[in-house]
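First comes the structure, then the notes that go with it.
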Amino acid sequence: MGSRASTLLREEEIEEIKKETGFSHSQITRLYSRFTSLDKGENGTLSREDFQRIPELAINPLGDRIINAFFPEGEDQVNFRGFMRTLAHFRPIEDNEKNKNSSASEPLNSRTNKLLFAFRLYDLDRDDKISRDELLQVLEKVDVEQKMSIRFLH
Amino acid sequence: MELFFNPFDNLLCILLGISFTVWFTLLLVFIIVPAIFGVSFGIRRLYMKTLLKVFEWATLRIERGAKEKNHHLYKPYSNAIIAKEPTSLEEEIKEIRRSGSNKDLDSAPEFEMSDIFYFARRGVESIMDDEVTKRFSAEELESWNLLTRSNYNFHYISLRLTVLWGLGLLIRYGFLLPLRVTLAFTGVGLLVFLTSVIGLLPNGRMKNFLSEKVHLMCYRICVRALTAIITYHDSENKPKNGGLCVANHTSPIDVIILASDGCYAMVGQIHGGLMGVIQKSMVKACPHIWFERSEVKDRHLVAKRLSDHVEDKSKLPILIFPEGTCINNTSVMMFKKGSFEIGATVYPVAIKYDPRFGDAFWNSSKFGMVNYLLRMMSSWAIVCSVWYLPPMSREEGEDAVQFANRVKAAIARQGGLVDLLWDGGLKRAKVKDTFKEEQQKLYSKMLVGTQEDRSRS
């Protein structure tokens, strides 16, 4: 039996992830397949070594910091939900989402959350502080939505 | 009681005897004799066509089953999941900065906080989909080929499909597998025996002639043992003596596929066990290049033995796989430059498998050799195309690495494979830190560059 077949995502889980992250059904199954192929230990979680095995990530100067962004404070394993939650920051903002008012809880791929992701790459000691003026400069002018989004083919 | 059993026993023995004889006669007539003479009845191609029709039907049934349940089907895409921007580091950073500050580019600060967006996005892109790690696992198929190992939607199978799958299972394990194992043993056994016999002859034309015939015959039997359906293209470019035959590597079967159409000198490490026996007897009939384990590390020794062999025009062309490891046949990875340094004419060969009938890729971290061979022999068939490309030589002013890349590009183009610069050794090893430093160097050059422009103006 293929290992993928025995650990297929249940429909309820896919729905939950859809609601939380906004990814479509096919994107979630595709990313799940990616998750399982990275998970060499086949225990349903990824460790830092699993990420470091990706050569293109290993040569990225920010590679280690990006990997850290996936792991919550003090933990060494990330499950699929956590994986998707972090990837969701890079989902493009669709037009029907742009005009939502902020009464509902902020979607993971909002402009603010994208900036928060980039902020955390600088804020290594996670004390929520970097220089204010520099950050304002970034906030005002750069097209954050476009630069921090990854376009899906399907 | 005894009287009752005796005639029954006799009858059973007679039946068994007859079926064995029939079985072996069929085997001999339809498989072994054609293999000896290199002809084919065309049975395998007919088999292939029938299978394709069955697979198409199976895939339609699964799609219908999924639609009925109103579920989404998992569709494996051989293309990427995400759209990657092909812009370089420089272009992107310039773009980010241009939109960010309304000051002149020349007087922009050296480092901007927004530069991080480029690296962050590239990093996460590679987490979602990268070019390298997916080459080390079997390719995903678009339609189902009735093998459990390649099915991702198994809970949408209808009854009819299950019956078909069960039938397929029976045919593959009950009929094809024993048949193939018998053939494999016959082929290998004959190879070992006949090459040892030929080894007793004195060196000369007779010996070479016989050795050629014996090798071809045994490899053809092995080809039938795998039910390999091979199409050779451009046979006029077949490698000649004194040359180096270079091919992309997907599995150990590559050797059998190439060697059943022409005679080559193999290169490799001496193994123990059955492999070692085969290697030792093969080298009695004609000169192959086998290395001891200790010699493999010594690159000069390897190069010397290869060039000595190549200079002797009476010796067969050398068969070599410069990737050094098995890749999943969707791409060609970095060629090791060692074999391109010795200055011989290179005859590139592209091998492309059709994964619908059985994936030939050997995932050596997942399966051992025996497991792999059993999986091969219990697939439907191994279908592949072999293209012999025109010979190439190293040009003036070209170094070994550039030559290797040129050959690699030609093979990738012909086989429809992606041409990658990454090293196949990344299957097991980590990326060298020098590559990371190169990226950092590129970025810092950009920053230092802007400072130089400023000081000039």
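The structure presented is a predicted model; accordingly, all values stated were derived computationally and were not measured. Proteins come first, then strands; the chains are lettered A, B, ... in the order of their sequence lines, and each starts at number 1.
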Heavy-atom pairs under 4.5 Å with chain A are the metric here; pick the option from B:Lys430, B:Met128, B:Glu125, B:Glu131 that has the most.
B:Met128
Could you tell me whether B:Lys432 atom NZ has more than 12 heavy atoms of other residues or ligands within 6.0 Å of it?
no
Should we say atom CZ of A:Arg151 is surrounded by more than 12 heavy atoms from elsewhere, each under 6.0 Å from it?
no
Give me the contact list for residues 51-61 of chain A versus chain B, heavy atoms only, anything under 4.5 Å, ordered by residue number.
A:Phe51, A:Gln52, A:Arg53, A:Ile54, A:Pro55, A:Glu56, A:Leu57, A:Ala58, A:Ile59, A:Asn60, A:Pro61
Closest non-hydrogen contact found for B:Ala120 with A:Leu121 is CB-CD1, 3.7 Å
Nearest heavy-atom approach of B:Thr133 to A:Arg34 is OG1-NH1, 3.3 Å
Test item: A:Thr86 and B:Ile127 side chains (from C-beta on) under 4.5 Å apart, heavy atoms:
no
Given heavy-atom pairs under 4.5 angstrom as the criterion, report whether the side chain, backbone, both or neither of [X] touches chain B.
{"X": "A:Phe35", "result": "neither"}
{"X": "A:Asp64", "result": "side chain"}
{"X": "A:Leu87", "result": "both"}
{"X": "A:Leu38", "result": "side chain"}

